[in-house]
Structures are given as structure tokens and as C-alpha cells.
Amino acid sequence: MYRHVLIPLDGSAEAEGVFPIVRDELEPGGHVTLFRVIPPGKTRQLGGQFFPATQQEEADRAKAEAYLRGVQDAFDGDSDHWDCATAISDSVSTAIVD
């Protein structure tokens, strides 16, 4: 049995397929962290306007957090034992370790 499980999600059904396994292996009162890595944004120019990378990252982070909350709700994760986190990185594995 595990006290804390980190579940990195990429939006695929395969990644979400881990939930039945986690439920069986999580100790009562255990904690689940849903995690999504967002690639760094790129500053873009459209017409005469610039859109900074941070603006894209903020939009991507908001979408990722909404996705994670939706997954949490779909699997009946309560806010006392489940939380959601995002990170911006070129490397998924490095973001997970960090």
C-alpha cells in the first residue's frame, strides 16, 4: 500500500487507465497528485501584434488544470486527498523528478 501516488497524465485514455490500479494500491487516507507537464510557450507574432510566451503558457496551464480537475471529478477524487499540479518544461521526465 502506498501513502502518496503521483500520476503524470498526458490526456490519453491509456494514462487514465492507471486509476483502478491506484485505487487498489493506495492506503486508506492516501494522497493522489495528478500531474501534467506543459511545453514552454513561444513568443509569436500575428499581424503587427506580439503574443509573449508567458501568455501562451498561462493559457496552456489553465487548460491543463481544467483537464486535471475534470479527471479528478471523473474518478471521484476528493480535495482532501487529491490535488493537481502542472509544470512547464521541455522534458517530462525532468519535470516529474523536479
Side-chain angles (χ1 to χ4, degrees):
M1 301 296 272
Y2 296 95
R3 289 184 299 163
H4 190 181
V5 177
L6 173 72
I7 303 175
L9 295 169
D10 62 4
S12 69
E14 291 83 8
E16 292 174 17
V18 73
F19 287 100
I21 297 166
V22 169
R23 287 201 184 268
D24 291 343
E25 296 297 324
L26 191 64
E27 70 180 34
H31 192 84
V32 174
T33 299
L34 303 178
F35 186 67
R36 180 104 187 229
V37 179
I38 303 162
K42 295 180 181 171
T43 298
R44 300 180 193 272
Q45 181 180 359
L46 183 61
Q49 294 189 345
F50 283 93
F51 297 93
T54 54
Q55 187 177 7
Q56 181 63 49
E57 289 171 354
E58 288 173 16
D60 290 346
R61 187 182 298 270
K63 283 197 291 190
E65 289 174 0
Y67 162 71
L68 294 174
R69 294 284 176 217
V71 170
Q72 178 180 345
D73 291 344
F75 289 96
D76 298 323
D78 65 80
S79 59
D80 290 338
H81 297 102
W82 288 55
D83 69 322
C84 301
T86 59
I88 297 173
S89 179
D90 282 321
S91 170
V92 173
S93 58
T94 298
I96 290 170
V97 171
D98 288 347

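All values below were derived from every heavy atom in this structure, side-chain atoms included, with hydrogens, water molecules and symmetry-related copies excluded.
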| field | Intermediate values then yes/no, side-chain contact (heavy atoms from CB on, under 4.5 Å), Ile88 and Arg61 | value | CA-CA 8 Å; Ile88 297 173; Arg61 187 182 298 270; 3.2 Å; yes
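- Between Pro8 and Ala15, the shortest heavy-atom distance links the atoms O-CB, 4.4 Å.
- In this structure, Leu26 is a member of the same hydrophobic cluster as Val18, with clusters built from ILVMFWY side-chain heavy atoms closer than 4.5 Å.
- Between Glu27 and Met1, the shortest heavy-atom contact is CA-CE, 3.6 Å.
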| request: Might you work through the side-chain contact (heavy atoms from CB on, under 4.5 Å) test for Phe19 and Leu34, ending with a clear yes or no? | output: CA-CA 11 Å; Phe19 287 100; Leu34 303 178; 3.6 Å; yes
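- Residues Val37 and Ser89 come closest through the heavy atom pair CG1-O, 3.8 Å.
- Checked by atom type and distance alone, the side chain of His81 never pairs as donor or acceptor with a backbone atom of His31 at under 3.5 Å.
- Rounding to the nearest 0.5 Å places OH of Tyr67 at 14.5 Å from CG of Asp60.
- The same ILVMFWY cluster, assembled from side-chain heavy atoms under 4.5 Å apart, contains both Tyr2 and Val32.
- Atom CG of residue Leu68 and atom CG of residue Asp83 lie 10.0 Å apart, to the nearest 0.5 angstrom.
- There is a side-chain donor-acceptor pair under 3.5 Å between Ser93 and Ser91.
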| query | Where do Val5 and Glu25 land on the side-chain contact (heavy atoms from CB on, under 4.5 Å) test, with the steps shown first? | reply | CA-CA 9 Å; Val5 177; Glu25 296 297 324; over 6 Å; no
| message | The test is side-chain contact (heavy atoms from CB on, under 4.5 Å); show your working for Glu16 and Ile7 and say whether it passes. | response | CA-CA 9 Å; Glu16 292 174 17; Ile7 303 175; over 6 Å; no
Donor-acceptor contacts under 3.5 Å from residues 39-53 side chains, at least two apart:
from  : atom 1 : to    : atom 2 : distance (Å)
Thr43 : OG1    : Ala53 : N      : 3.2
Gln45 : NE2    : Gly47 : O      : 3.2

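- Both Val22 and Val71 belong to a single network of hydrophobic side chains, linked directly or stepwise wherever heavy atoms of I, L, V, M, F, W or Y lie under 4.5 Å apart.
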